[in-house]
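Each chain gets a letter, A, B and so on, in the order the sequences are listed, and its residues count up from 1.
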Number of protein chains: 2
Amino acid sequence: MLDDRKIKILRAIVVDYIATAEPVGSRTIARKYRMGISPATIRNEMADLEELGYLAQPYTSAGRIPSDKGYRFYVDFLMPVVELSQRELNEIRRIFKKRVKELEDLIEETSRVISNLTNYTSIIIGPQLHESRIKHVEILKLSKGKGLLIIVTNYGTVLNQIIELPENLTDSDLTRISNLFNNFLVEKTVDEITPDYMERIKSEMREYEQALDTLIHVLIERLEESKENGKVFASGSSRMLDFPEFKDVEKARNFLSLIEEEDFMVRVLKYTSKPNQITISIGNENPWKELREFSIITTNFSVGGKNLGIFGVIGPTRMDYSKVVSILNKVTAYLNDALSTLI
Amino acid sequence: MLDDRKIKILRAIVVDYIATAEPVGSRTIARKYRMGISPATIRNEMADLEELGYLAQPYTSAGRIPSDKGYRFYVDFLMPVVELSQRELNEIRRIFKKRVKELEDLIEETSRVISNLTNYTSIIIGPQLHESRIKHVEILKLSKGKGLLIIVTNYGTVLNQIIELPENLTDSDLTRISNLFNNFLVEKTVDEITPDYMERIKSEMREYEQALDTLIHVLIERLEESKENGKVFASGSSRMLDFPEFKDVEKARNFLSLIEEEDFMVRVLKYTSKPNQITISIGNENPWKELREFSIITTNFSVGGKNLGIFGVIGPTRMDYSKVVSILNKVTAYLNDALSTLI
DNA sequence: ATTAGCACTCTCGATATGAGAGTGCTAAAA
DNA sequence: TTTTAGCACTCTCATATCGAGAGTGCTAAT
């Protein structure tokens with residue numbers, strides 16, 4: 001294990017590098033962090049730390065920068081808990097004081113605040129409906145042959161889907177079918193609504209067999225989809241171009257295309273996050289080589305203990321971990337609170 | 001007016017510059033575009049064209065590049081109509097063959113195709129509900145004190161809004177209120193639902209006066225909002241970094257922040273577009289100085305002659321205007337068609 | 001065990017240089 | 001009168017050179 005002095009030096013390097021993005025030299029540390037030992041001694045320690053894998057040197061005779069392992073050590077053992085400033089707190093509160101329209105908007109706003117406060121890119125996966133309960137089902141006729149299937153869940157999420165209806169179906173037929181669906185589906189969780197279960201509806205109403213066939217098919221497909229895939233929002237990807245890490249346009253381009261690939265980002269967030277805790281994934285710890293130079297910090301939000309969605313911050317490995325963690329902590333608390341009173 | 005030879009030269013310069021992003025010299029034109037006149041003659045003509053404001057010189061003794069006026073002339077008089085390739089046609093058809101879930105998804109997909117095919121950034125304002133008719137209103141109880149107001153329009157768009165309900169309201173109260181709302185609102189256009197009109201509902205049901213008060217307020221607010229503001233989608237902003245215009249990170253950063261500002265982009269699209277035609281706005285023709293170096297091509301989509309939304313492509317003034325116009329034309333046709341059968 | 005001293009390494013910014021592309025002008029050719 | 005060849009000139013851009021500066025590792029002294 002590292003001795004006390006090595007730890008102090010490692011901490012100084014990580015902190016300084018996060019702040020300046022410049023490789024940190026022995027002289028800087030001695031002067032700026034008042035270690036009480038000479039640069040030469042620090043140099044020796046730094047050589048040790050490099051050998052142990054905590055530091056790296058961009059090129060011979062430059063200062064040192066933290067390696068992924070260095071950041072990991074910092075994150076696990078050294079990172080301070082920072083208090084948010086009054087300004088930051090106000091900004092968070094402001095969002096959650098506004099009256100909400102839809103769940104989705106609240107979540108989108110949340111993503112925006114996180115990005116504003118951290119200056120990194122924020123990504124959020126909206127409500128996943130796994131454990132939600134059906135509140136209401138409605139089938140409406142829009143025009144000849146076209147209808148709209150509407151499903152409402154107890155989280156206030158509304159799914160809808162344009163469907164084809166047999167032209168001879170009357171309004172009262174539709175009402176009967178709607179009622180039947182409601183009888184079968186209301187208060188069931190999305191997970192409980194299996195194709196098998198739905199087969200029973202068909203036997204209830206043989207007369208509409210054909211209409212029900214497609215209807216049920218569409219409904220199941222739609223629910224299946226919403227189980228896993230909440231909508232994805234990303235905010236503040238342009239902010240990243242402020243960091244020296246992206247002064248090279250090629251790198252900026254790669255990062256932005258990555259963010260635009262929603263499916264990929266969903267997989268990343270899902271893989272990275274663990275329920276009810278903040279997880280930090282640093283550089284090469286990510287199993288995707290495209291993310292080798294990024295760190296991802298994720299957490300989830302929930303209501304009544306049920307996991308609803310995931311959000312995360314992505315930035316260069318030289319990330320202000322402690323600030324991001326504080327902000328995520330605070331925002332999650334507010335969001336969970338808002339959700340539980342909202343619903 | 002320009003004589004024939006000047007026009008030929010101007011065209012050559014615009015075409016070449018759009019393709020290469022390099023200032024075009026007299027020699028290049030003589031060789032590549034086989035004018036049958038010598039570079040010296042071309043030089044004289046180019047000097048004239050510059051004096052007339054159609055060309056500009058990035059610096060003394062570089063080649064010429066088109067000015068905004070030059071592009072404008074090209075767009076108005078010289079631009080060829082290009083046929084789409086089979087590949088491009090297929091890509092467009094593929095999108096519109098898929099079964100649609102919601103109107104919004106179709107629109108989002110459309111935006112994505114446009115960006116894919118043009119390689120520029122595509123922006124789209126989703127359905128504005130001005131002239132849509134209310135199909136159905138539903139008020140559901142989600143939990144104690146919380147409810148959900150759902151409004152369905154004849155375009156299959158579903159608005160929803162979480163609301164507070166008096167705790168003592170029973171389910172049958174809600175049904176009565178829902179029915180009342182439906183009686184008053186169904187088949188009305190969004191524009192027709194004014195606060196005055198809604199006052200009459202209250203007089204119908206004095207017993208629920210307080211509940212109705214907030215309910216009506218929320219409903220009107222929600223409709224008001226949806227009249228103007230469809231959701232905004234942007235696709236392919238990262239693509240822009242491929243253009244040499246953005247090799248400077250600072251410029252890339254500015255562009256991306258611009259795109260992220262949805263409100264601004266909505267204003268731009270609305271100001272730029274004219275109903276039922278493709279409009280092209282070049283560089284300084286845009287009244288916003290932030291857009292001085294960009295061109296915007298917009299058009300709108302509609303169903304049954306009613307304007308539903310706007311979409312546009314934004315890119316550097318050195319834009320492949322004819323290609324973008326062809327693609328927008330084709331996509332609008334397909335989209336309008338899809339919308340009319342969808343609804 | 002620590003540190004001063006020093007030679008050495010590497011980057012980075014400034015400066016110089018030359019090739020290349022292109023122009024405008026003049027004078028000759030058509 | 002119009003076109004063109006020729007040429008001197010301008011400006012950019014890529015490359016090379018150079019020195020300052022920052023930082024290191026090693027050695028020897030403390």
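- Five base pairs at each end of the helix from dA1(C)-dT30(D) to dA30(C)-dT1(D) define two local axes, and these are offset by 20° (rounded to 10°).
- When DNA chain D is scanned in the 5' to 3' direction for atoms under 4.0 Å from non-hydrogen atoms of chain A, the outermost contacting nucleotides are dG23(D) to dG25(D).
- Side chain of Asp248(B) to backbone of Glu250(B): a donor-acceptor contact under 3.5 angstrom is found.
- Between the side chain of Ser281(A) and the backbone N or O of Ser295(A), no donor-acceptor pair lies under 3.5 Å.
- Contact check of residues 24-46 of chain B against DNA chain C (heavy atom, cut-off under 4.0 Å) returns Gly25(B), Ser26(B), Thr28(B), Arg43(B), Met46(B).
- Checking side-chain atoms of Lys69(A) against main-chain N and O of Leu52(A) turns up a donor-acceptor pair under 3.5 Å.
- Judged as a side-chain contact (heavy atoms from CB on, under 4.5 Å), and not counting sequence neighbours, the contacts of Thr279(A) are Thr272(A), Lys274(A), Gln277(A), Thr298(A).
- Here the side chain of Ser67(A) pairs a donor or acceptor atom with the backbone of Gly53(A) at under 3.5 angstrom.
- Between Ile297(B) atom CD1 and Ser273(B) atom OG the span is 13.5 Å, to the nearest 0.5 Å.
- Note: Phe255(A) and Phe294(A) have tilted aromatic rings, judged against thresholds of 30 and 60 degrees for the angle between ring planes.
- Within residues 52-66 of chain B, the residues having any heavy atom closer than 4.0 Å to DNA chain C are, in order of number, Gln57(B), Ser61(B), Ala62(B), Gly63(B), Arg64(B).
- Residues passing the side chain to side chain donor-acceptor pair (under 3.5 Å) test with Asp76(A) are Arg72(A), sequence neighbours excluded.
- Taken to the nearest 0.5 Å, the CE atom of Met265(A) stands 3.0 Å off from the CD1 atom of Ile123(A).
- As a whole-Å value, the separation of Ile9(A) CD1 from dT2(C) P is 10 Å.
- For the side chain to side chain contact (heavy atoms under 4.5 Å, CB included) with Glu260(A), the qualifying choice from Ser115(B), Ser237(B), Ser235(B) is Ser237(B), the only one to do so.
- We find that Arg239(B) and Asp242(B) are not joined by a salt bridge, their nearest charged nitrogen and carboxylate oxygen being 4.0 Å or further apart.
- Below 30°, between 30° and 60°, or above 60°: for Tyr321(B) and Tyr71(B) the angle between ring planes is between 30° and 60°, a tilted geometry.
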